[in-house]
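As the structure lists them, so they are numbered: ligands from 1, and atoms in each ligand from 1.
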Amino acid sequence: MYPDALNILLVEDEKKIADVLKKGLVEQRFSVEIAYDGLIARRILENDSFDLIILDINLPGMNGYELCKYIRTRNEKVPVIMLTALNAIDDKIEGFDAGADDYMVKPFDFKELLVRMKALLKRIYQVQQGNILKVSDVVMNLENKEVTRSGNIIPLTSKEFQLLEYFVRNKNRVVSRADIALNVWDIDFDTKTNVIDVYVNFLRKKLDKDFSPKLIHTQVGMGYILKDPSN
Ligand code: CA
């Protein structure tokens, strides 16, 4: 469902709870960073980005509401689940006001937390990853088939679009002409024909000629590679 292990920030000052949660999440193949203090969490958030944040309310340093408001000034999309020991309706309202997406009352069932996390991640990922592919300054909209580079529309034919999509999904990896033939044209080409090279050249002209850095490169004797300059 997800491209890589997702990064979770867990902000919880009760060490026992934090450690148990982390263990469970790591078993679910999430990558988890713990902050036991609100100010430390804020410092971590200044430098790193996360796919989901689990936030206790009563914390030393800076409480969960303030932290959530801080998160929302920087990233309006990241899902935030708040934790509290109190089952008070006021807490819930304050949490949603601060920008939380969901709320768990301690003690809670780990499975329920997982279900809610997955629901939030799915919602975000359907929008971000399902319809949009990005590499460098290139944005591909898979729904309306529009491609832009640095905000300029790049008009592509449908074959060129499929070719670019294949390159982007395999970025930083050498793909052979046979790989391209099989995955973009859906047939075993006689790789002696130059159809693939012709199309790659069409695509390069449109995508790379007037922009830098160049993204699509020839690997002599092997095929092509789309290099993401940010990696
Ligand atoms: Ca606490």
Say whether Asp97 and Tyr65, considering side chains only, have a donor N or O and an acceptor N or O under 3.5 Å apart. no
Results of side chain to side chain donor-acceptor pair (under 3.5 Å) for Asn183 - residues two or more places apart only: Tyr166
Kindly work out whether a path of hydrophobic side-chain contacts (I/L/V/M/F/W/Y, heavy atoms less than 4.5 Å apart) joins Val198 to Leu163. yes
So how many protein N, O or S atoms does the Ca ion (ligand 1) have within less than 3.0 Å? 3
Is Arg149 salt-bridged to Asp210, going by a charged N under 4.0 Å from an acidic O? no
Could you go through residues 33-44 and list every donor-acceptor pair under 3.5 Å that involves a side-chain atom there, pairing it with any protein atom two or more places apart or in another chain?
| from | atom 1 | to | atom 2 | distance (Å) |
| --- | --- | --- | --- | --- |
| Tyr36 | OH | Asp19 | OD1 | 3.2 |
| Asp37 | OD1 | Leu39 | N | 2.7 |
| Asp37 | OD1 | Ile40 | N | 3.2 |

Excluding sequence neighbours, so at least two apart, what forms side chain to side chain donor-acceptor pair (under 3.5 Å) with Lys206? Glu160
